[in-house]
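Following: one structure in structure tokens, then a few remarks.
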Amino acid sequence: MTRKRAAVVSFPGSNCDEDCVRALRTAMDADRVWHTARSLDAYDAIVLPGGFSYGDYLRAGAIARFSPVIEAVHAAAERGVPIIGICNGFQILLECGLLPGTMRKNVSRKFVCAPTTLVVARTDTVFTKAYDRLERIRIPIAHGEGNYYCDEETLRRIQHQIVFRYEDNPNGSVDNIAGIVNAAGNVLGMMPHPERAVDRWLGSTDGVRLMVALAAV
Amino acid sequence: MLWTAHIRVSVKQNVLDPEGQAVQRALHMLHFDSVTSVRVGTYVCVQCTANDEAEAMQRVSQMCDTLLANPVTEQYAIQLERVEAHDA
Amino acid sequence: MLWTAHIRVSVKQNVLDPEGQAVQRALHMLHFDSVTSVRVGTYVCVQCTANDEAEAMQRVSQMCDTLLANPVTEQYAIQLERVEAHDA
Amino acid sequence: MVERIATEPTPEDIDTHKLYARMGMTDAEYALVVQQLGRKPTYTEIGVYSVMWSEHCSYKHSKTLLRLFPTTGSRVLMGPGEGAGIVDIGGGRAVVFKIESHNHPSAIEPFQGAATGVGGIIRDIFSMGARPIALLNALRFGNPNDARVRYTFEHVVAGIAGYGNACGIPTVGGEVAFDEAYTGNPLVNAMCVGLIEHKHIQRGIARGVGNPVYYVGPPTGRDGIQGATFASEQLSEQSASMRPAVQVGDPFMEKLVMEACLDVIARGLVLGIQDMGAAGLTCSSAEMASKAGNGMELWLDRVPMREPHMTPYELMLSESQERMLFVTTPDRDEAVRDVFAHYGLDCVHVGVVTDTGYLTLKMDGHIVGHMPVRGLVDDCPIVEPPAEVPAYITREPTVYPPVTDYACVLHALLAHPTIASKEWVYAQYDYMVRTSTIVPPGSDAAVVRIPDTHTALAMCTDGNGRYVYLDPCIGGRIAVAEAARNVVCSGGQPLALTDNLNFGSPQKPDRYWQLQQAVIGMAQACTVLNTPVIGGNVSLYNEHEGKAILPTPVVGMVGLVHDLEHVTTIGWKNEQDVVFLLGDTYVEWGGSAFQAVVYETLEGTPPMLDLEVEKRLQDHVLACIQAGWIASAHDVSEGGLAVALAECAIAGNIGAKLTMPACALRPDEWLFSETQSRIVVSTTPVHAQVLMRHMQEAGVPIVCLGTVGGNDLVVGAGEECLIAEPVDALRTTWKGAIPCMMQR
Ligand SMILES: Nc1ncnc2c1ncn2[C@@H]1O[C@H](COP(=O)(O)OP(=O)(O)O)[C@@H](O)[C@H]1O
Ligand SMILES: [Mg+2]
């Protein structure tokens, strides 16, 4: 079997791109791809990493959504390619409509960096099949706008799309949402950083199974 | 012709505004007891050229729809002002 | 009497506004070529009681001076509106 | 012929009305400028001289003192003199670091002042060609009962977070202390650490006559003009209005400029590069020319401008942020432009390296300034002001009556914002980005892995102004020793340090004496502990309406962890582990947190520090850590032994049952005195004997205090119980203090 290859898209201001590449490489090949790329056809998986694309000016992800690469991301989403948006990447996926809802400032109105415990709500996605249902995993967060919001009607509709919930809600997200997938199940957005939980020196290895699952798609 | 558009982007009425609430609490702590509600949003001031007010309004609305406001949670209001030639 | 104050807080003219510049570049990227300048600030909508317009204005200015605007880098403008009794 | 700008005062006006005085220049300095030029300077020229000869750029009051620091060592690749110092760490790699202050801007606009301080120190690191891997800071604020102090604290922290987080550099450590003395004049010192391969090391040097000089970064505005001079004055009520415009940071721009500069450097396209920091274009151009022994001609009309009608004076003195100046060769023009274009940046050809030895400024073809580079950079008259021992200095030790409720005092100490948990602060910093942070904020030193190796760097900042106030020489020694001790406790071998000297006006003899004595004490410690000074910063005139801050040298120490397995943290680990105290304890109340909290005063003499004792302690603790005998290590500092023990318990989330050894001290003295050169270590029962024997043979005082276990911290003396507190209760006090203070 040939090794799978992931694209980690760098936007101006992305800053977790290198971390994602390093974490993915334990399981698969990974390249950094600059946001001006027009095609992502060569890749088996796509990661939109964390950071402050375009300085997070106006709203996080609002400007990145117009980068040339986003069309290719839409196309890949339609083809069923697994796509993960982490932190700022999640915000971008919301802004470009690949996932429902929106992100607002943390209720504390402060940036928060901390280890958190997530409860895995779904294990039947390509991303989470290596976890146990309702398993508690340790994955850190680092964001100022991670307060997930959608209206009640939407919340009812996406119940089945919720993949991760916070055990202790750190930012005010509705329904303790930390990560959701699209209806088709191939686009995942999550605020916590799995790439920061990949070896014992970092305090948790719970992110590794996500990387491995992605490589096995 | 040059126009100044004052754009007020704010959280929709039926959506909770935690930032506004935090500011309201802060104002009460500073003894501004007369305050009954606070909403916080973004103010964007755009200068642009257009042949007339209608065109300016149409352009600025389009900017709001595509970039400046998030349709899921935000609404916007535009006030236009003509900039006199010698200022431009 | 109840008043609505629309407060526009913006970066002072001679102070750098990186957010405004980033938004301006984005608007140009989206082919809004008519845009000549963008400043981004905060919009605060405060409802408060006051006996008359002058008092309302004085209260809201004070809120701006103490909390809502940073006097070193920001300026503000206030628009007042009377809220009709049945709305309040 | 040098022409003047029509709207500006004439050289004659400047002379007769002494306009130079407003720029902070003395009559004698002005006379020297006239002598250097052979004529009266124009407004532009006197502006350039005034910032180059300000304290901030010329170090005129501190240069002779800084020479006392040892600056060389077998690992030192570059000492003071460039943007940052460089230390070899083997494998063809080196670590680059520096600390810098942004005290005065932060006093006036806390968020932007702190943010731009971080931005500036990051540029110092990447302009050397190094990849920034970590940020630290040292902060001092006044009494938090004052609402303005809380505002400053909150916004300084937000400013540091806002900038560092967006640049993708983890803020991994630092310190925050509160004392009345900093009320009108907070301290904001930021430190950046970078990694570099030897072959990529850059210098800020304008090499090669005829080579083009480029400007990269955002356009120049009227930001912070005369900022360097401003940093050399004391604060007053007028300061706030004096500034036409504060500098605003744009971390997004910084990130792009950083990536682009590291890219052109890695491609070998650059001959010399320097950031435009204090005094902007003036300082960077003059220093680059000076280091090469060349001249430089700048075409100011080509400098990108944010506002119309900017004058040469404004362009030369502006401190707009995120700008860099670099020199390359003419044939690389296109390659350089391509790299910057990739990041969406323009670079502009703004001048040329000349052989004249002059800095020549042209605007629209007219010469508007022509000044000798050497004169600007090197010939600022050095001042050696008189020093005088302040009247408050005493040799009398302080004595206090015994306290009886030890737990109550312990809680009061833990609740003191200087000692309390700083989680409220560092939770706002992204301390994990770059996925190399092995020990996050909250231990003695932060530990950051060196990518692709099994080694790491330990780093911290330290400096206790209370000790320095009472005895600057001893206080200076302690600052260095404590920083090194923190690195050792984390498993690192101290390599070198950077320092920031935050003091009052050197023109007042008692304050100059504080500076002088502190430098002497620091230099002594550097020599004995074998940690040379590879760079630093001096911030004088830290006064508010005539009242000086506590004299506060801050030491930023970096150490090498030779193997990740050596990484050690403060928390107790396992039931049954044995707790030892290394080092002797004396009755030393002067400058202690006990004194601050219980008596709300600052008096007496600080703890003494025998450098040989300190060195022996550090060497042997490190050796035992490397031998694998130590489970946790924590140095005893503010709050004394009681606080150190509580912190070990809270961090490890486990209690201990301990006993005060029989000695001549009262329990409160043993618990709260701040005697130096002490470390609390724990070890598994298996290693307890060997550790004990090793220390005894080495001549390091060691006593066994008891064992780890249970949910309570219990300390007894003979039959008497001194402290018996649930660890949860201690944690609640310690963690809750700052959030509670900020909710007021
Ligand atoms: N307190 C100090 N201790 C050691 N070196 C210092 C100290 N202060 C300044 N230096 C060194 O003097 C040199 C000149 O500093 P300079 O480049 O003018 O500082 P900056 O870049 O902060 O404006 C630098 O290499 C700096 O590291
Ligand atoms: Mg420098």
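Any value given below was found using the heavy atoms of this structure, including those in side chains, with hydrogens, waters and symmetry copies removed. Below, chain A is the first sequence line, B the second, and so on; all start at residue 1.
There is no contact between Asp17(C) and chain D, counting heavy-atom distances below 4.5 Å. With a 4.5 angstrom heavy-atom cutoff, Phe252(D) touches chain C only via side-chain atoms. The part of Gln21(C) that comes within reach of chain D is its side chain, from C-beta onward, which places non-hydrogen atoms under 4.5 angstrom from that chain.
Atom CG of Leu16(C) is separated from atom CE of Met253(D) by 8.5 Å, given to the nearest 0.5 angstrom.
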Would Glu109(D) and Asn70(C) satisfy side chain to side chain donor-acceptor pair (under 3.5 Å), going step by step from the backbone distance to the final call? CA-CA 9 Å; Glu109(D) 216 308 279; Asn70(C) 175 345; 2.6 Å; yes
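Closest heavy-atom contact between Gly249(D) and Pro18(C): O-CG, 3.8 Å. Between Val72(C) and Ile108(D) the shortest heavy-atom distance is CG2-O, 3.7 Å. Heavy atoms only, all atoms of each residue included: Asp223(D) and Asn14(C) are closest at OD1-O, 4.0 Å.
In this structure, the side chain of Arg306(D) does not engage the main chain of Val15(C) through any donor-acceptor pair within 3.5 Å.
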